[in-house]
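Below you'll find the structure, written out as structure tokens, and then a few comments.
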Amino acid sequence: MYALDCGAGIGRITKRLLLPLFKKVDMVDVTDEFLSKAKSYLGEEGSRVGNYFCCGLQEFSPEPNRYDVIWIQWVIGHLTDEHLVDFLKRCSLGLRPNGIIVIKDNVTQDVSIMDDVDSSICRDIDLVRKLIKQAGLSLLAVERQENFPDEIYHVFSFAMR
């Protein structure tokens, strides 16, 4: 079983979620410094990381037919709608039979909100669904993260293939 952590940073999701469940994990992040820190952060378990890809998701193409799970957490807000759709299309080619793509991110209920400080966007849930469909993917499940304060954006997970 092989997973890909997209927007992996220093590897928190790789360490706490993916490595306990998968034999191998690849990591991709745009910041080389984060990937360098990941090697020490992951410790001995880091030996099961196959590749550290330093690349923006706008350009990244997963190897075809490689991954059982492609995990995309708290990073889609840094992609334009067009880049997100194109990236999801490339991810679908990277899935093994019965593989899934998971997006976990902040979403709004009403209207997308642009953050002028970091130039990211928090999309509304209907737009996320629409972009997933535009990428030719089918939603398998959508789940709202429970026990988060009401004052912050809702966090949703979307499973698709």
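When reading the values below, keep in mind they use all heavy atoms of this one structure, side chains included, and skip hydrogens, waters and symmetry mates.
Residue Q145 places its CD atom among more than 12 non-hydrogen atoms of other residues, nucleotides or ligands, all under 6.0 Å distant. When the shell of 6.0 Å around CD of E59 is examined, it contains more than 12 heavy atoms from other residues, nucleotides or ligands. No more than 12 heavy atoms of other residues, nucleotides or ligands lie within 6.0 Å of CZ in R12, so this atom counts as exposed by the packing criterion.
Distance check, rounded to the nearest 0.5 Å: OG of S36 to CD1 of I10 gives 12.0 Å. Here the CD-CG distance, from E45 to L19, works out to 6.0 Å after rounding to the nearest 0.5 Å. Note that OG of S61 and CG of D86 are 10.0 Å apart. Values are rounded to the nearest 0.5 Å. Rounding to the nearest 0.5 Å gives a distance of 11.5 Å between CD of Q73 and SG of C6. Rounding to the nearest 0.5 Å gives a distance of 8.5 Å between CG of D126 and CD of Q109. The distance from the CG atom of L4 to the SG atom of C91 is 6.5 Å, given to the nearest 0.5 Å.
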Before giving the answer on side-chain contact (heavy atoms from CB on, under 4.5 Å), spell out for K133 and R129 the whole-Å C-alpha distance, their side-chain angles and the decisive distance to 0.1 Å. CA-CA 6 Å; K133 187 175 182 181; R129 289 174 185 267; over 6 Å; no
Take D105 and R123 through the salt bridge (Lys or Arg N to Asp or Glu O under 4.0 Å) test and state the conclusion after the steps. CA-CA 9 Å; D105 219 308; R123 292 178 178 88; over 6 Å; no
Assess whether side-chain contact (heavy atoms from CB on, under 4.5 Å) is satisfied between L79 and Q58, documenting all intermediate values. CA-CA 7 Å; L79 299 173; Q58 300 90 327; 3.7 Å; yes
Checking side-chain contact (heavy atoms from CB on, under 4.5 Å) for the pair M1/L21: CA distance, chi angles, key distance, verdict? CA-CA 8 Å; M1 299 276 289; L21 297 173; over 6 Å; no
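For the residue pair I13 and D5, the shortest heavy atom distance occurs at CB-OD2, 3.7 Å. Across every non-hydrogen atom of V28 and C55, the tightest pair is CG2-O, 3.6 Å. Shortest non-hydrogen contact noted between R90 and P62 is O-CD, 3.9 Å. For the residue pair K15 and Y41, the shortest heavy atom distance occurs at NZ-O, 2.9 Å. Across V85 and A135, no two heavy atoms sit closer than the pair O-CB, 3.7 Å. Between K104 and S157, the shortest heavy-atom distance links the atoms CG-OG, 3.5 Å.
Looking at residues two or more places apart in sequence or on another chain, you find a side-chain contact (heavy atoms from CB on, under 4.5 Å) between T31 and D29, E33, F34. Every residue two or more places apart in sequence or in another chain that forms a ring-ring contact (aromatic ring centres under 6.0 Å, His included) with Y2 is listed here: Y67. Residues forming a ring-ring contact (aromatic ring centres under 6.0 Å, His included) with F60 (at least two apart in sequence, or on another chain): F53. With sequence neighbours left out, the ring-ring contact (aromatic ring centres under 6.0 Å, His included) criterion links F87 to no other residue. Y153 is linked by a side-chain contact (heavy atoms from CB on, under 4.5 Å) to N106, T108, I113, C122, counting only residues two or more places apart in sequence or in another chain.
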Taking only distance into account, with no hydrogens and no angle test, what donor-acceptor pairs under 3.5 Å do side-chain atoms of residues 92-100 form with protein atoms, sequence neighbours excluded?
residue	atom	partner	partner atom	Å
S92	OG	K89	O	2.6
R96	NE	R66	O	3.0
R96	NH1	D68	OD2	3.1
R96	NH2	R66	O	3.4

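No continuous path of hydrophobic side-chain contacts links V155 to V75 [ILVMFWY only; heavy atoms under 4.5 Å]. Under a hydrophobic clustering in which Ile, Leu, Val, Met, Phe, Trp and Tyr are joined whenever their side-chain heavy atoms come within less than 4.5 Å, directly or via other members, M160 and L18 fall into different clusters. By the criterion of side-chain heavy atoms lying less than 4.5 angstrom apart, applied directly or through intervening Ile, Leu, Val, Met, Phe, Trp or Tyr residues, W74 is not grouped with F156; the two fall into different hydrophobic clusters. Cluster annotation: V25 is connected to L35 through the hydrophobic network of ILVMFWY side chains, with a link wherever side-chain heavy atoms come within less than 4.5 Å. In terms of hydrophobic clustering, with Ile, Leu, Val, Met, Phe, Trp and Tyr side chains grouped at heavy-atom distances under 4.5 Å, I103 and L131 are assigned to a common cluster.
F158 pairs with exactly one of V102, I125, I101 by the side-chain contact (heavy atoms from CB on, under 4.5 Å) rule, that one being I125.
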